[in-house]
Structure formats: structure tokens, C-alpha cells
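Read through the structure below, which is laid out as C-alpha cells, and then see the notes.
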Amino acid sequence: MRRVASVGLACGVLTLALSVSAAAQTGKNVLVVVNSNSPASIEIGDYYALKRQVPPEQILRITTPVADQIARGVYDAQIEQPVALWLGTHAAQDRILYIVLTKGVPLRVSGTAGNSGTVASVDSELTLLYRKFTGQIINPAGSFKNPYFLGDLPITDAKPFSRRHHDLYLVARLDGYTVADVKALIDRGLTPSRQGRILLDQRGELQRSAGNTWLDRAATVLKKMPGWEARIVSDTEGLPLRNQSGVLGYYSWGSNDPLIARRDLNLQFVPGALAGMFVSTDARTMEEPSQGWQVRDEPHAGSNQSLIGDLIRAGVTGVAGHVAEPYLSATVRPEILFPAYLSGFNLVESFYLGMPSLSWQNVVIGDPLCAPFREQAVAAQDIDNGIDAETELPVFLSARRLELLTKGSGLKPEAAKLALKADVRFLKQDRRGGREALEKATEIDDGFIAGHLRLAALHESESQWAAAQERYRRILAGRPNHIASLNNLAYSLAERSNRPADALPFAKRAYDVSKGAPAIADTLAWVYHLMGRDADAAPLLAAASQQLPNSADVHLHAAVVFAAIGKTDVAAKELERALTLDKNLEQQAAVRQLRQRLESGR
């Protein structure tokens with residue numbers, strides 16, 4: 001029999017700079033993520049943290065495969081959950097603005113392709129973690145509109161990234177072909193130049209593309225900025241820009257330009273230079289190709305397109321790329337990227353202001369704190385405004401979480417505050433404090449179903465069966481057809497209190513209201529079994545075992561019931577399936593006895 005689980009209560013105008021001395025966001029606002037399986041990742045993380053004075057406790061070591069691509073389940077368990085846990089236990093959800101991944105952390109989450117696909121960069125998925133903290137549900141299919149994207153608004157409408165105004169994390173990556181490449185990139189970000197030129201390289205085409213239009217627009221906007229008219233090199237003839245020195249910015253079509261057939265265009269970048277390309281898979285790997293490899297040669301890591309690793313090797317300090325096909329509309333817009341950077345935004349702000357989509361294919365390589373043109377600091381109280389005493393959450397997160405919780409569920413505000421406080425305390429392993437907060441919340445708002453369910457689960461974990469049953473009854477007093485409460489009460493009465501006859505009405509009602517859901521059918525069948533009505537239980541379990549082929553509990557229950565009615569061959573197959581799914585069942589004395597009985601009866 002299965003107890004239906006409950007869900008957790010909460011998941012949860014700049015001008016050109018005259019000086020670079022003004023402090024803005026600092027290393028205290030950065031979480032560095034390194035992969036313990038990668039010595040390179042550890043070395044780079046330690047190097048960056050030292051250079052940017054990131055506190056040692058803000059270097060998070062995760063353990064995940066050293067690979068370009070991982071499955072979504074691996075991403076959830078080994079990357080997103082450890083990051084979320086660190087942020088929660090350190091009450092740093094507001095204070096951390098930037099998550100910096102390091103070489104050796106996977107690039108891509110595998111999935112389906114296309115505009116509605118689930119393939120995405122690890123980096124882009126992590127940007128939405130703050131929104132998950134607030135209680136929002138993020139669908140992994142397709143892209144998510146970037147709320148920080150500037151779009152068609154002027155640069156003067158953009159705001160420096162802060163927690164008061166923005167509910168995202170800006171995620172950057174320190175990566176390249178080698179550790180030496182990455183350390184050089186970090187060093188360049190520490191001493192960025194305000195000198196140099198910006199190259200905007202269009203490709204030749206018969207029909208005007210959106211990409212060339214954006215490059216044209218970038219040239220127009222940049223030339224109007226004081227002091228930059230003569231420093232913008234805009235190619236409109238379709239001839240690749242090569243052999244250029246003093247490059248502060250570069251944007252091109254890469255290997256999608258038919259005239260670009262070589263990896264090295266002999267571009268001399270100054271420290272602090274930013275770059276990007278309209279190339280679908282230029283961040284597909286950071287594994288260095290063979291020395292003689294050129295674009296359009298045999299595929300390297302699945303494609304023969306340009307690689308941003310070559311731009312990093314050539315000396316850029318920040319670059320955007322794509323781990324899979326983003327489609328042109330989702331690439332970083334050069335007419336936003338470069339004007340934002342020159343107007344004082346830091347490296348990662350500039351890229352994300354120009355990035356239309358999140359939970360998508362984009363990555364940003366570089367030190368987010370690199371800001372050669374910044375002259376105005378972000379106010380400290382706009383980043384971290386302390387802890388809300390009523391919820392024990394950081395202030396900005398608390399306000400956002402409360403708004404969604406009260407509007408979405410109709411929960412009374414005072415009960416909602418206590419619910420959030422309970423989440424914080426449970427996260428910190430303070431079970432007693434969490435329980436007290438939940439009990440007060442349900443006293444204030446008896447309709448707080450999630451609170452009752454969580455308290456019931458706590459009681460069950462401590463074998464307080466009567467207390468758990470009382471919680472389910474309180475829910476059913478107001479919601480008589482609440483399926484989880486009906487099912488769980490039936491389970492507790494039948495299995496824990498040895499009262500299957502009292503459990504039967506609740507199990508039947510849950511089955512009827514759920515329209516025969518297989519997990520609920522399993523509960524009803526088990527109640528019948530405990531009443532000695534195995535003939536009534538058998539058809540329910542026969543259907544449930546087919547509908548839930550990966551449930552060890554259902555297969556075990558089916559084995560017990562079919563053995564009881566003499567169908568030993570069916571029972572043996574069900575038991576074998578259960579033990580294949582969960583080898584720990586073999587440790588139960590009743591299971592061993594059932595197996596011996598079935599084997600002896602063959």
C-alpha cells in the first residue's frame with residue numbers, strides 16, 4: 001500500500017565612466033561552483049576566489065560527471081539541488097547575485113530538440129533557481145522569456161543587476177581549452193582596458209537577415225556614444241575582419257559566414273574584450289580540437305562549426321556561446337551587449353541584457369565582476385537587506401515568496417509567514433522549531449492543507465499514528481474528498497492501527513474520487529487483503545501492477561495477494577519484479593518467507 005506524498009511548502013541612467021574606482025557588486029555576491037571530480041575545476045575555482053576575494057565558504061564543491069552532457073535527473077540531483085541547498089542553509093538567496101561555474105562542470109542537459117525541446121545549458125537552467133525559491137514552477141520544455149532582456153528599450157532604461165529589482169541569478173562560467181587559458185581569462189578580467197575598437201563583422205547575403213540588421217543597429221547606436229564614432233569598425237561588404245589589433249569588442253557569424261574557414265583570424269584582443277558569434281553550437285564542448293583542425297573539417301564533438309574556445313585562446317575576456325541550436329532569435333543581441341558594457345554594466349550584466357531567453361542554450365564565459373566602464377555602485381541595501389524576522393528568510397525573497405503563497409493558495413498572511421519560517425527551520429534540521437511554526441500556522445488557518453499534511457508526515461516518522469490520523473481528519477472536515485488525506489488515513493488505520501474495516505470507507509472514497517488511480521487502487525486492495533478479502537483485492541492489483549510497472553510496493557502487494565488465492569506462478573513473477581526494483585525488500589522477514597513458500601510450491 002502506498003501513502004500519497006505531500007509537496008513541500010516552499011520550494012522558495014548610467015553614463016560613460018570616468019573612473020573604475022567605484023565598487024559595485026563584489027566577491028561577496030558570487031557563489032563559485034567547482035566539480036570535485038575535476039582537478040582543473042578545483043584549481044580554477046580556488047584561483048578565481050583568491051583573485052576576486054570570494055569568501056572560502058562561497059566555494060561550493062559538487063560531485064558530478066566530468067562530461068559535456070548529463071541527463072536532467074543528474075543535473076537536478078548533482079548540480080541544482082546542491083546549489084539550492086547551499087543558498088538556503090546560508091540564507092544567501094538574496095546576497096548571491098552571480099553563480100560562477102568552472103571548467104569541469106557539465107555544459108549541457110540532455111533532452112529533446114526543437115523550439116519546445118528540453119535540451120538546455122546547465123548555466124541557463126540555474127538562472128531560474130531564484131524563481132523556484134519563490135515558489136514558481138518552471139517547465140523544462142522550451143525557453144523562458146528573460147525578464148532582464150532589454151529588448152527595444154534604450155540603454156538608459158536598463159538597471160544594474162540587484163536583488164531588489166531582479167529575481168534571477170546571472171550565471172557565468174570560467175572555461176576554456178586548458179587551465180592556463182582560463183587563468184589568463186581571469187587575469188584579463190582583473191585589469192580590463194577602456195581602450196580599443198569594436199568590430200562588427202557582417203556576412204555577405206542576398207536576403208537581409210536579422211543578424212546583419214542587429215549588427216547594423218549596433219554600429220549606429222555605438223557611433224552615437226561620445227568618443228566612440230571613430231572606434232567602431234563595421235563591415236557591410238561581407239569580407240571577414242582579419243588581422244586587427246586593439247580589439248575591445250567582436251561580433252561575427254563565425255563559421256556561418258562562408259568566407260570564414262579558419263579558426264584563427266589574427267585578432268589581437270585587449271584585456272576586457274567581449275565577443276560573440278551567430279553560431280549554433282560554438283559552446284558544445286571545451287575539449288580542444290587537434291592542432292590542424294579547421295571549421296568545416298571533420299566534425300569535432302558532433303559539429304564542424306566555430307568554437308568559442310578559440311576566441312578565449314585568442315584573448316577575449318568575455319564571450320557568449322551556445323551548447324545546442326538556439327535559433328537566431330535567441331542569440332545575444334550585439335546592439336545591446338556593447339552599448340551596455342560601454343555604459344558601465346559589468347560583463348555578465350551586459351550579456352544577459354542582450355539575451356532574449358533563459359532555460360535555453362546560452363552560456364556566458366567570463367568574470368561577472370569585470371566592469372571597466374562602471375562608475376556607479378549598486379546600493380548595498382538593494383542587494384542584501386537582511387533577514388525578515390517573521391519568516392527567517394532574506395527580505396526580498398521573503399516578500400516575493402509571501403506574495404505568491406498568499407495569492408496562489410488564499411492562505412492567511414500570518415499563517416503563510418509561519419509556513420515559510422517552518423521551511424527555514426526544517427532546512428536547518430530544526431525539527432522542533434519547524435513543527436512549532438507549522439502548528440501555529442494551522443491554528444491560525446485550519447484550511448492550510450499543506451501544513452496539516454506535513455505535520456502528519458512528521459507524526460508518522462515518529463510513529464505517532466493517532467496524531468497523524470487526526471491531521472488527516474482535520475483536512476477531511478473541510479475537504480471531504482481530498483484524495484491524499486483519504487488515502488493516507490486509510491493506510492494508517494489499516495496498517496498502523498489494525499483497523500482495516502474502519503479504513504475501508506476512506507479507501508473506497510479515495511478510489512472513487514480519484515477515478516481508479518492505480519496508486520489509490522493499491523491502497524484499497526491492501527485494505528481488502530488485511531480484511532481477508534483477497535478475491536476482491538486481486539483484480540485491483542492486477543491492473544495496478546500493469547499501470548505502475550516500476551513500483552516495487554505494488555508488485556510486492558500483488559505477489560502477496562496472488563499467493564493467497566493460489567495463483568503461485570503469477571505471485572512468483574510479481575515478487576521477482578518487486579525484488580528487481582528494490583533489492584532491499586529481501587531484508588524483510590515476511591518477504592523472505594513468501595519467497596521460500598513460493599519456491600517450495602513450484
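These numbers were taken from a predicted model, which means no experiment stands behind them.
The side-chain hydrogen bond (donor to acceptor under 3.5 Å, both in side chains) contacts involving residues 508-517 comprise nothing, where partners must be two or more places apart or lie in separate chains. Residue pairs meeting the salt bridge (Lys or Arg N to Asp or Glu O under 4.0 Å) criterion with at least one partner in residues 443-453, sequence neighbours excluded, are Asp446-Arg474. Residue pairs meeting the salt bridge (Lys or Arg N to Asp or Glu O under 4.0 Å) criterion with at least one partner in residues 56-72, sequence neighbours excluded, are Arg72-Glu125.
Rounding to the nearest 0.5 Å gives a distance of 11.5 Å between CZ of Arg473 and OG of Ser485. One distance of note links NE2 of His555 with CG of Leu585; it measures 11.5 Å at 0.5 Å rounding. Atom CG of Leu405 and atom CZ of Arg400 lie 15.5 Å apart (nearest 0.5 Å). To the nearest 0.5 angstrom, Ile99 atom CD1 is 10.0 Å from Asp123 atom CG. A distance of 8.5 Å separates CH2 in Trp360 from CD in Glu325, rounded to the nearest 0.5 Å. Here CG of Asn146 is found 6.0 Å from CG of Leu168. Values are rounded to the nearest 0.5 Å.
Counting only heavy atoms from C-beta outward, the side chains of Gln593 and Leu598 never approach each other to under 4.5 Å. Here the side chains of Tyr491 and Arg496 are in contact, with some heavy-atom distance below 4.5 Å.
A donor-acceptor pair is defined here as one N or O able to donate and one able to accept, closer than 3.5 Å; such a pair exists between the side chain of Asp282 and the backbone of His322. Ser461 places a side-chain N or O within donor-acceptor distance of the main-chain N or O of Leu458, the cut-off being under 3.5 Å.
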TODO: Report the C-alpha distance between Arg284 and Leu307 in whole Å, list the side-chain angles of each, state the deciding distance to 0.1 Å, and finish with yes or no for side chain to side chain contact (heavy atoms under 4.5 Å, CB included).
DONE: CA-CA 8 Å; Arg284 63 189 179 273; Leu307 290 163; 3.5 Å; yes
- [ ] Could you go through the side chain to side chain contact (heavy atoms under 4.5 Å, CB included) check for His482 and Leu453 one step at a time?
- [x] CA-CA 11 Å; His482 189 261; Leu453 288 173; 4.0 Å; yes
- [ ] With side chain to side chain contact (heavy atoms under 4.5 Å, CB included) as the test, would you mind laying out the steps for Asn304 and Asp297 before giving the verdict?
- [x] CA-CA 6 Å; Asn304 60 8; Asp297 281 355; 5.7 Å; no
TODO: Decide side chain to side chain contact (heavy atoms under 4.5 Å, CB included) for Leu493 and Leu504; before the verdict, give the C-alpha distance in whole Å, the side-chain angles of both, and the deciding distance to 0.1 Å.
DONE: CA-CA 9 Å; Leu493 288 169; Leu504 185 59; over 6 Å; no
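For Ala543, the side-chain contact (heavy atoms from CB on, under 4.5 Å) criterion is met by Gln547, not counting sequence neighbours. By the side-chain contact (heavy atoms from CB on, under 4.5 Å) test, Ala92 is found to be paired with Trp86, Leu87, His90, Arg95, Ile96, residues two or more places apart in sequence or in another chain being considered. Listed by chain and number, the residues in a side-chain contact (heavy atoms from CB on, under 4.5 Å) with Pro356 are Phe149, Arg333 (sequence neighbours excluded).
Looking only at atom types and distance, the side chain of Tyr75 has a donor-acceptor partner in the side chain of Glu80 under 3.5 Å away.
If you run side-chain contact (heavy atoms from CB on, under 4.5 Å) between Leu358 and each of Leu128, Leu126, Val171, only Leu128 comes through.
Using cut-offs of 30° and 60° on the angle between ring planes, the pair Trp293 and His300 is tilted.
Other residues, nucleotides and ligands place more than 12 heavy atoms under 6.0 Å from the CD atom of Glu586.
Under a 4.0 Å N-O distance rule, the pair Glu436/Arg432 qualifies as a salt bridge.
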